[in-house]
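These notes concern the structure reproduced below.
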Amino acid sequence: MNIKDNVQKILKEIPERIILLCATKGRKVEEIEEAIEGGIKFIGENYVQEAEEKFLKIGKKVKWHMIGHLQRNKVKKAIEIFDMIETVDSFKLAKEIDKEAKKRNIVYPILIEINSGRELQKSGVLPEDAEKLIYDIAELENVRIEGLMTMGPVVKNPEDIRPYFKLTKELFEEFKKLNLPNTELKYLSMGMTDTWKIAVEEGANIIRIGTGIFGPRRGG
Ligand SMILES: *Cc1c(COP(=O)(O)O)cnc(C)c1O
């Protein structure tokens, strides 16, 4: 199957309210254009520089989401390219985004990344630290918290990821009840090629798919 068919197949399987975000790290502009022809409206990139090169060619006909770990010194560039940063996991990073957004007189949408597997080497805020982080970030007037994102651990059996998605959904519902300022929790970004069906069952409304659209990544 080609890229366009893969996109259309997934789009047919998901309810319209769910955003199919195409994870495009390592993929060529021509491949991404094919996905866009298939109906992709959201692109997810992991690196600012790689995104910038593609953004110059593809432009604003799609929405751009940052889904990789973001360094503070890349924030200025990142908010020029991306419509949303899904991977905010510290107050320092949120403050930098707030600062740059203030300069541009905009309110910038972010998701908080939850380290739902509590894995040491992974980014994301630990579930038990997330509430404090959200309270702090909610004070920043030029960022708006629009939801949560999680990766979860790498699992052999897709079903094994369910508890991590459940946990993230629970936090999402809890935080909604806090009625914080500068906060409108509406997006839950969870699920990749092998796990998106489970994520949708657990309440995701953004799913991030790479391999399922483009095939295996070259070089691993
Ligand atoms: C690469 C990536 C995906 C997509 O993974 P696939 O298994 O290729 O579908 C989703 N989310 C993030 C953060 C990624 O880096």
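Each ligand, and each atom within it, is numbered from 1 in the order the structure gives. In this text, all values refer to a predicted model and were calculated from it rather than measured experimentally.
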Heavy atom of the protein closest to [atom] (residue, atom name, distance):
{"atom": "atom 9 (O) of ligand 1", "value": "T193 OG1, 2.4 Å"}
{"atom": "atom 13 (C) of ligand 1", "value": "M151 SD, 3.2 Å"}
{"atom": "atom 11 (N) of ligand 1", "value": "R208 NE, 2.9 Å"}
{"atom": "atom 14 (C) of ligand 1", "value": "K25 NZ, 3.0 Å"}
{"atom": "atom 8 (O) of ligand 1", "value": "T211 OG1, 2.5 Å"}
{"atom": "atom 10 (C) of ligand 1", "value": "M192 SD, 3.2 Å"}

Assert yes or no for the condition that the ring centre distance of F82 to H65 is strictly below 6.0 Å.
no
Is there at least one pair of N or O atoms, one from G210 and one from ligand 1, spaced under 3.5 Å apart?
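Right, the criterion is met.
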Have a look at ligand 1 and work out which part of N46, if any, has a heavy atom under 4.0 Å from it: side chain, backbone, both or neither.
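It is the side chain that gets close, since no backbone atom is under 4.0 Å.
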Could you give me the CA-CA distance, side-chain angles and deciding distance for E96 and K76, then say whether salt bridge (charged side-chain N to carboxylate O under 4.0 Å, His left out) is met?
CA-CA 8 Å; E96 190 66 29; K76 185 169 184 283; over 6 Å; no
Atom indices of ligand 1 within 4.0 angstrom of I209 heavy atoms, with elements
9 (O)
Just which atoms of ligand 1 are under 4.0 Å from any heavy atom in R217?
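Reading through ligand 1 atom by atom, the close ones are 1 (C), 8 (O).
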Given side-chain contact (heavy atoms from CB on, under 4.5 Å), test L111 with L148 step by step and report yes or no.
CA-CA 5 Å; L111 305 185; L148 305 182; 5.9 Å; no
Take I97 and I85, measure what side-chain contact (heavy atoms from CB on, under 4.5 Å) needs, and give me the verdict at the end.
CA-CA 9 Å; I97 297 168; I85 296 171; 3.8 Å; yes
Here the gap from K169 atom NZ to M190 atom CE, rounded to the nearest 0.5 Å, amounts to 7.5 Å
Worked verdict on K57 versus E33 for salt bridge (charged side-chain N to carboxylate O under 4.0 Å, His left out):
CA-CA 10 Å; K57 294 180 184 147; E33 290 286 6; over 6 Å; no
Show the numbers, then the answer: is there a salt bridge (charged side-chain N to carboxylate O under 4.0 Å, His left out) between K166 and E202?
CA-CA 6 Å; K166 264 195 201 309; E202 297 302 334; 3.3 Å; yes
